[in-house]
Every structure is written in structure tokens, then in C-alpha cells.
Amino acid sequence: MEDEDLRLAPRTKAAELLAWAEAQGREPVAGAPLRAVLALLELGGGRMRDGWPELTSAAVEHLLYEQLHLYVQPEPGQDPLAYGAAVRLLVDHQRAAKRLNAKRQERLHAEAEWQGEVAAGLLRRADLVTWPRLYTLLLRAAGVDTGEEAAVRAWLEGFRELSQEERSAAFTALEADGVLDPVDDGGWGAGTRPLAVGMATDGARRLLEQGLMRRSYRNLAELTALGRPMPDELAGDFTAFEEAAVRVALELAGAWTVPGLPRLLVEEFPELAPEPGQEEIDAYLAGLEPAEGFEEDGAE
């Protein structure tokens with residue numbers, strides 16, 4: 001795998017932006033939210049210029065209202081408003097670089113502020129978690145050292161031994177303890193909540209994979225213009241390229257939750273984080289009960 005040619009993973013300018021903020025004497029913005037914001041803006045399909053995402057009202061709304069709650073679980077003690085603050089910092093940096101006029105800066109600044117508040121609320125909604133976000137919260141609640149993959153795997157193995165009722169009770173406890181805000185959708189005891197979480201998780205990962213491949217194609221166009229040959233991964237049936245995108249997507253999802261956790265849930269513990277097939281999705285969309293057998297896979 002020639003990563004330098006494929007260039008799948010974003011290489012954000014977070015360090016440069018933090019250095020600029022410090023030189024300007026600005027209030028610091030946490031690095032993890034800033035890196036997530038820059039990466040998601042780049043992978044969201046918007047235009048890039050010299051390594052910086054071009055900011056528009058649509059891009060800000062897409063990031064804070066539609067994307068963030070699919071991927072990111074704030075670190076313990078981290079203010080969820082930091083994501084909106086990261087966008088505002090980027091807005092001001094782009095204004096200083098003369099890529100935004102004063103009117104657009106003011107508008108985007110205001111939009112990022114109120115959309116950031118909305119995003120903070122969405123990050124707390126129990127019905128909007130994805131499996132990696134949910135298990136991140138469970139691991140932290142259990143006091144697991146999330147920096148040790150062996151400890152994470154051991155906890156997942158123990159959780160797998162619980163009955164489905166006990167797992168549902170653990171999910172519900174996050175709401176009872178105030179970690180997540182409950183919503184009136186029947187909760188984890190109803191079949192629709194786990195099904196919706198599985199659908200969101202599957203969709204989020206596929207969108208991330210597509211964004212990574214688009215990013216790689218942009219880089220490859222530059223290589224072609226320079227007369228460079230295509231990487232081996234794109235010389236055949238694209239299988240290796242697609243597999244690389246899957247791997248990098250799981251790594252990124254882990255960087256925004258717990259390193260290694262999304263991959264473990266997909267590869268080793270899929271019964272703990274079921275993602276529905278087309279039959280279950282069709283039944284869900286038709287307003288019917290989930291198809292028979294989905295409960296047996298751990299969904300409820």
C-alpha cells in the first residue's frame with residue numbers, strides 16, 4: 001500500500017491553525033475538536049483551497065447539524081461547544097487570509113455559534129448515537145482504560161456474555177445517569193431504537209469511506225497531471241483501494257471515539273453492534289416490526 005500516493009486520510013492544517021490562534025493571542029481551542037472539524041469539512045464533499053476547506057453556510061450546517069453526531073464523542077470534561085468554536089476560529093483565519101469578506105465572516109460566525117449550540121444538544125440525544133459513540137460512553141462509565149486495546153477487547157468480551165436484557169439495561173442506564181438525554185421513542189426496549197442506531201452507523205461509515213475515496217481521487221488527479229503512474233491499488237479491480245478506504249474509515253472513527261473500537265465492533269463483535277440488512281431496513285421504513293431474526297443478532 002503506497003499511502004503517499006493514495007493519500008486517503010486527511011492531513012489537516014490543525015497545527016498551523018492552532019499556531020496562528022496563539023500568535024493572535026486568541027483564546028485556545030481544543031486540538032481534538034479542531035482536528036475533527038477540519039477532517040469532516042474536507043471529507044464532506046466541499047471545495048478545498050490550498051489545504052483549507054472553503055466555508056459556506058451549507059458546509060457549516062452540514063458539519064454541525066448532520067455530520068458531527070454521527071462520528072464524534074467528546075472526551076471526558078470536554079465542552080461540546082468546542083466544535084462550534086473550532087469552526088469560528090477557522091472562519092476568522094480565512095478572513096485574515098482574505099478568503100472571506102467581512103460580511104460573510106460575520107454571517108458564518110453567527111451561524112457557527114448557533115449551529116454549534118444545536119450540535120451540542122444533538123450529541124446528547126440518546127436516539128442519535130452510533131454504536132461506536134454508545135460503546136465509548138459505556139467503556140468510560142465502566143472505568144475502562146480506553147487507551148489500551150486489550151482492555152477494551154476484554155470489556156467487550158465480558159459485555160457479550162450478558163443477556164440482551166442486561167445490555168439494554170446498560171444502555172438505558174446512560175440516560176438514567178444523565179450521560180445521554182432520553183427521548184420519547186420507546187427506548188432501548190423497543191426494536192426500532194437499535195435498528196435506527198445500526199442504520200446510522202452503517203450509513204456514517206459508508207459516507208466516510210466515500211469521502212476518503214473522493215479525497216484520494218483528487219490527489220490522484222494531481223499525480224496524473226504530473227505524469228506519475230497510477231498506484232497498483234487502482235490498476236486492477238479496485239478491491240485493494242476499497243479495502244484501504246474501509247480500514248482508514250474505521251481508524252478515523254476510532255480517533256473520534258476510542259482508538260480501535262469501531263474496528264473491533266465490526267470485525268470481532270458485530271453481534272454487539274448489529275447493522276441491519278435490506279430486509280430489516282425495508283420493514284423499518286414501512287413502519288413494521290423489524291424482520292424476524294434481527295433480535296437474535298443482538299438488536300432487541
Side-chain angles (χ1 to χ4, degrees), residues 7 9-75 77-125 128 130 133 181 200 203-204 207-208 210-212 214-215 217-219 249 252-253 255-257:
R7 291 291 292 272
R11 303 182 184 186
T12 70
K13 294 192 174 185
E16 183 176 334
L17 187 51
L18 289 171
W20 176 83
E22 183 178 5
Q24 296 294 312
R26 296 177 57 100
E27 183 177 346
V29 172
L34 182 60
R35 288 189 293 273
V37 160
L38 290 174
L40 286 170
L41 281 171
E42 180 173 353
L43 297 176
R47 295 180 61 182
M48 300 290 294
R49 181 179 175 186
D50 298 330
W52 298 100
E54 290 193 1
L55 291 170
T56 64
S57 296
V60 170
E61 180 177 6
H62 180 57
L63 167 71
L64 295 175
Y65 186 71
E66 300 177 20
Q67 285 185 292
L68 202 65
H69 67 267
L70 293 174
Y71 300 107
V72 172
Q73 186 56 51
E75 297 175 357
Q78 178 187 296
D79 186 353
L81 294 176
Y83 298 96
V87 176
R88 296 197 300 275
L89 176 63
L90 179 59
V91 168
D92 292 345
H93 176 270
Q94 293 299 278
R95 167 60 179 160
K98 302 186 184 305
R99 292 176 179 173
L100 295 173
N101 60 35
K103 186 175 181 179
R104 286 187 63 201
Q105 177 194 23
E106 182 179 2
R107 184 180 72 249
L108 289 171
H109 215 277
E111 290 172 352
E113 184 170 4
W114 74 265
Q115 288 282 4
E117 293 174 357
V118 170
L122 298 179
L123 285 169
R124 289 191 53 83
R125 281 184 48 168
L128 294 182
T130 51
R133 288 189 57 220
D181 293 335
L207 285 172
L208 200 57
Q210 291 168 11
L212 289 165
R214 283 196 304 269
R215 183 187 188 281
Y217 283 134
R218 287 197 297 267
N219 180 64
L252 269 178
W256 299 328
T257 51

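By convention here, the first residue in the shown sequence is residue 1.
Taking Leu207 as the reference, Tyr71, Gln210 meet the side-chain contact (heavy atoms from CB on, under 4.5 Å) condition, with sequence neighbours excluded. By the side-chain contact (heavy atoms from CB on, under 4.5 Å) test, Ala253 is found to be paired with Pro262, residues two or more places apart in sequence or in another chain being considered. Contacts of Gln73 classified as side-chain hydrogen bond (donor to acceptor under 3.5 Å, both in side chains), with partners at least two apart in sequence or in another chain: Arg133. For Arg214, the side-chain hydrogen bond (donor to acceptor under 3.5 Å, both in side chains) criterion is met by no residue, not counting sequence neighbours. In this structure, the side-chain contact (heavy atoms from CB on, under 4.5 Å) partners of Arg88, at least two apart in sequence or on a different chain, are Ala85, His109, Ala112, Glu113. Evaluation of the side-chain hydrogen bond (donor to acceptor under 3.5 Å, both in side chains) rule for Glu106 yields no partner, not counting sequence neighbours. Listed by chain and residue number, Asp92 satisfy the side-chain hydrogen bond (donor to acceptor under 3.5 Å, both in side chains) test with Gln105 (two or more places apart in sequence, or in another chain). With sequence neighbours excluded, the residues that form a salt bridge (charged side-chain N to carboxylate O under 4.0 Å, His left out) with Asp181 are Arg124.
Put simply, the side chain of Leu212 reaches to within 4.5 Å of the side chain of Pro10, judged on heavy atoms. In this structure, Val118 and Leu64 have side chains that are not in contact, with every pair of non-hydrogen atoms separated by 4.5 Å or more.
When every heavy atom of His69 is checked against every heavy atom of Leu122, the shortest pair comes out as ND1-CD1, 3.9 Å. Looking at every heavy atom in both residues, Pro80 comes nearest to Leu123 through CB-CD1, 4.2 Å. Considering every non-hydrogen atom in both Arg107 and Ser57, the closest pair reads NE-OG, 3.4 Å.
Screening residues 13-24 for side-chain hydrogen bond (donor to acceptor under 3.5 Å, both in side chains) gives no qualifying pairs among residues at least two apart or on separate chains. Sorted by first and then second residue, the ring-ring contact (aromatic ring centres under 6.0 Å, His included) pairs with a member in residues 24-51 form an empty list; sequence neighbours excluded.
In this structure, CG in Leu90 is found 4.5 Å from CG in Leu55, a value given to the nearest 0.5 Å. Separation of atoms CG (Asn101) and CD (Gln94) is listed at 13.0 Å; rounding is to 0.5 Å. From His93, atom NE2 reaches atom CG of Leu18 across 10.5 Å, with rounding to the nearest 0.5 Å.
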Using a 3.5 Å cut-off and no angle test, enumerate the donor-acceptor pairs between side-chain atoms of residues 31-53 and protein atoms at least two apart in sequence or in another chain.
{"from": "Glu42", "atom 1": "OE2", "to": "Arg215", "atom 2": "NE", "distance (Å)": "2.6"}
{"from": "Asp50", "atom 1": "OD2", "to": "Arg99", "atom 2": "NH2", "distance (Å)": "2.8"}

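Considering Val29, Leu68, Leu63 as possible partners of Tyr83, the one that fulfils the side chain to side chain contact (heavy atoms under 4.5 Å, CB included) test is Leu68.
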